[in-house]
Amino acid sequence: MGGIGKTALAVEAAHRARAKGWFPGGFLFVDLRGYDDDPVTADQAVLALLDAMGVRDQDLPATAEGRYGTYRALLAERRERTLLILDNASDPSQYLPLLPGTDHHRVIITSRVRSDALPARLIDLETLTPGDSESLLTRALHDTDERDDRPTREADELRELTDICGHLPLALQIAAGMLRRRRHRDIASLVTEIRSAADPTSVLDKGSPGKDVYGRSLVLGPVLETSYRRLPSAHARLLRLLALAPGADTSTEAICALADLEEPLALGVLEDLAAAHLVMPVRCVDDRGPAVRWGLHDLVRAFGVGVVAGDAGLREEGEAARERVLGWYVRWADAADDRLRWLPGMEVPERFGERGEALAWFDGERAGLVAAVGWGREERFAREAARLAQCLGEYLYWRRYFDDWIAVAEVAREAAGRAGDRLDEAIAWDHLGIALRAAGRREEAVQAHTRARDLHQDVGDRLREAMAWNNLGIALREAGRVEEAVQAHTRARDLHQAVEDRLGEAMAWNNLGIALQVAGRVEEAVQALTRARDLHQAAGDRPHEAGSWNSLGVALEEAGRVEEAVEAYGTSLKIARESEDWYGVGQALYNLAHLHETADRPDQARPAYLEAADAFTRANAPDKAAKARTRATNLPE
């Protein structure tokens, strides 16, 4: 892309190659200015090359054909190998006539566009690594004043500045110039100034120190603008819309929805934009094999957003595109959520025939889904964003992305509150409570579930009131308020029974059993958990049945019924593995290991702890994994 450092790399390579003696004839350099308003043509460039080889004035042939003939003849006669650098080309017509016509010499062509005009070796330049970005800025400051200690003193701010610059050499070079000029101010002040601007390029361009060593203007905006202006209208439109997409990268399917394009057409345009280094293909692997997602450099995204913001017609085009992709997310997230909640006897949801397919889709689209919910803070998107948030709860809980879930639930709660939708607001409060509890924020969870319960009571939704009571009971138990938890779960059980919701009743029995055990009422806990297990079995709810078996095992172990506990843990483990519930696998293995440790069987406990650690790692529960590994390490040999 523009500003990546193509010219600097080509010239540095040429100097090093000449120093090694590879090109005793030296090198010839022509700036083709491919993205200027008036690019250099091949006819103009050949004049410059002939001049560099000593052919000028009256020695110049009168016709273009004669000049090319003289140019090639001179290169053919030139025994000392020469390197030709044709820099900054935008079209093959600028450089094809300038090729030497002999393999004795070598050519480097730099361009923002991947061209298939030649069977040449192509080298794509990426942005710098974070470490190299920091080194570049540090060296730039120390070259001016070796006493400049800001990079050492403000290491975190230096790192943040390189992130803002997107590790793009041109942006870093501009930032270095700004820091040199404001040498009495800290790096943090520049970071704050750029962060507070809607478009980072505006701050960098305003502070640009002028020209680089090649005489080119160090300005980001025009570099991006020239690339954008050369695009066909369909390509420019897709680039603008992709800048508005939620998430760092976007699937081809989501882009088709965003731009209202059929996939073959969208792919063709995306591939062209990738060839122009304005879009970055991001390779990933899903259950169907290798796939490609599409992303933008942060500065390209900021440029695209700025283009849209500056034109009323483009703003409406962008808002319509965001509505389309949000609707697409809602449709498929709803179907995927249905698949995660599916039980035997239910209709199989559209598209997702297997649970794994739904999880894979959620995994691939997670960043975009969470970011799209964030649009709910805007009135135009509030209702659809709240719907999307409701579809994400089961998945985010299953994968244990609790920070994402808290953020999603907060937006949904705010959006529903603004819209005056008390039911959606109650659901959002309940989801927020679960996420807060899972993140260890128990008292906040109690408050959230209490609010959800009260709202459900107000709207007369007894089923969801029962669910809120159940969730409130879990939060109360984890907050140490066990007797209140028993009462809450009992209330939840009774309400689920009243509305004949057997699955909800099973969950209430399960949580009541856990609370009773914590309260020391072990035999009552065994009875409650046995009832929960039986109800889950009858409903065909295998994942929750696994959880009930595990909870029952804990109660049986405490009741001294060790062999029954081992059987319960084993059954839980088997079902959790079938469901690919790695957190459930980890829980069952950990409890089995603890039972073996208590029975003084370290040889059986150790591998079970280690297997539990692996399962917890797969379930995104690193704290639990670390605890299991520590228990394994501390066992006697």
Side-chain angles (χ1 to χ4, degrees), residues 2 4 6-15 17-18 21-123 125 211-217 222-223 225-232 235 272 275-277:
I4 202 75
K6 300 179 291 296
T7 302
L9 177 61
V11 172
E12 177 68 14
H15 281 298
R18 188 180 186 188
W22 295 355
F23 296 99
F27 60 88
L28 301 169
F29 179 96
V30 178
D31 182 359
L32 296 173
R33 299 201 303 270
Y35 292 86
D36 286 5
D37 291 336
D38 187 20
V40 173
T41 65
D43 289 354
Q44 293 169 325
V46 77
L47 289 172
L49 290 166
L50 286 170
D51 183 79
M53 290 188 283
V55 180
R56 57 182 70 92
D57 300 331
Q58 67 272 16
D59 295 331
L60 276 173
T63 65
E65 184 178 354
R67 293 165 190 159
Y68 285 119
T70 300
Y71 165 69
R72 292 195 183 94
L74 287 171
L75 286 175
E77 295 166 3
R78 198 170 182 130
R79 294 194 175 187
E80 293 184 325
R81 176 173 286 185
T82 302
L83 176 63
L84 177 62
I85 300 177
L86 304 176
D87 185 53
N88 200 21
S90 61
D91 189 273
S93 66
Q94 290 182 283
Y95 58 76
L96 287 176
L98 302 176
L99 299 181
T102 170
D103 64 359
H104 182 58
H105 306 298
R106 293 290 180 265
V107 182
I108 293 176
I109 302 165
T110 74
S111 178
R112 300 181 195 178
V113 180
R114 255 180 99 91
S115 173
D116 57 3
L118 289 172
R121 180 182 179 188
L122 299 177
I123 302 174
L125 298 192
K211 296 183 180 296
D212 63 12
V213 294
Y214 307 105
R216 296 178 182 175
S217 178
V223 168
E225 176 70 27
T226 53
S227 292
Y228 172 73
R229 280 195 285 108
R230 294 179 66 89
L231 294 174
H235 295 61
D272 289 345
H277 293 91

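Computed over heavy atoms, backbone and side chain alike; hydrogens, waters and symmetry mates excluded.
- Aromatic rings of Phe23 and His105 (six-membered ring for Trp) have centroids beyond the 6.0 Å cut-off, not under it.
- A donor atom on one side chain and an acceptor atom on the other are found under 3.5 Å apart for Ser93 and Asp91.
- Using a distance-only test at 3.5 Å, with no hydrogens or angles considered, a donor-acceptor pair links the side chain of Thr82 to the main chain of Glu80.
- Nearest heavy-atom pair across Leu99 and Arg72 is O-NE, 3.8 Å.
- The structure places NE2 of His277 at 6.5 Å from CZ of Arg114, a figure rounded to the nearest 0.5 Å.
- Once rounded to the nearest 0.5 Å, the distance linking CD of Gln94 with CD of Gln44 reads 9.5 Å.
- No side-chain heavy atom of Met53 sits less than 4.5 Å from a side-chain heavy atom of Thr70.
- Here the straight-line distance linking atom CG of Asn88 with atom CD1 of Ile109 works out to 12.5 Å at 0.5 Å rounding.
- Of all the heavy atoms in Val113 and Tyr35, the pair that sits closest is CG2-OH, 3.1 Å.
- For the pair Ala14 and Ile85, the tightest heavy-atom approach, listed with the atom from each and the gap, is CB-CD1, 3.7 Å.
- Remark: side-chain polar atoms of His104 are not paired, donor with acceptor, to backbone N or O of Ala76 under 3.5 angstrom.
- Under the 4.5 Å side-chain criterion, counting only non-hydrogen atoms from C-beta, Leu32 is in contact with Leu86.
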Full working for side chain to side chain contact (heavy atoms under 4.5 Å, CB included) between Leu98 and Tyr68: CA-CA 8 Å; Leu98 302 176; Tyr68 285 119; 4.1 Å; yes
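- Note that CD1 of Ile108 and CD1 of Ile123 are 8.0 Å apart. Values are rounded to the nearest 0.5 Å.
- A donor-acceptor pair is defined here as one N or O able to donate and one able to accept, closer than 3.5 Å; such a pair exists between the side chain of Arg106 and the backbone of Asp103.
- The shortest side-chain heavy-atom distance between Leu50 and Leu74 falls under the 4.5 Å cut-off.
- Distance check, rounded to the nearest 0.5 Å: CZ of Arg18 to CG of Leu83 gives 10.5 Å.
- Taking every heavy atom of both residues into account, Pro92 and Ser115 meet most closely at CG-OG, 3.7 Å.
- Of the possible donor and acceptor atoms, one in the side chain of Arg56 sits under 3.5 Å from a partner among the backbone N and O of Asp51.
- Open room surrounds CG on Asp38; 12 or fewer heavy atoms of other groups in view lie less than 6.0 Å from it.
- Counting heavy atoms from C-beta outward, Thr226 and Asp36 have side chains that stay 4.5 Å or more apart.
- Atom CG of residue Leu118 and atom OH of residue Tyr95 lie 5.0 Å apart, to the nearest 0.5 angstrom.
- Contact record, Asp37 with Arg229: OD1-NH2, 3.6 Å, taken as the closest heavy-atom pair.
- Of the possible donor and acceptor atoms, one in the side chain of Ser90 sits under 3.5 Å from a partner among the backbone N and O of Gly34.
- The main-chain N or O of Pro61 is found under 3.5 Å from a side-chain atom of Arg67 such that the two form a donor-acceptor pair.
- The heavy-atom pair separating Val107 from Pro100 by the smallest distance is CG2-CD, 3.5 Å.
- For the pair Asp31 (side chain) and Arg33 (backbone), a donor-acceptor distance under 3.5 Å is present.
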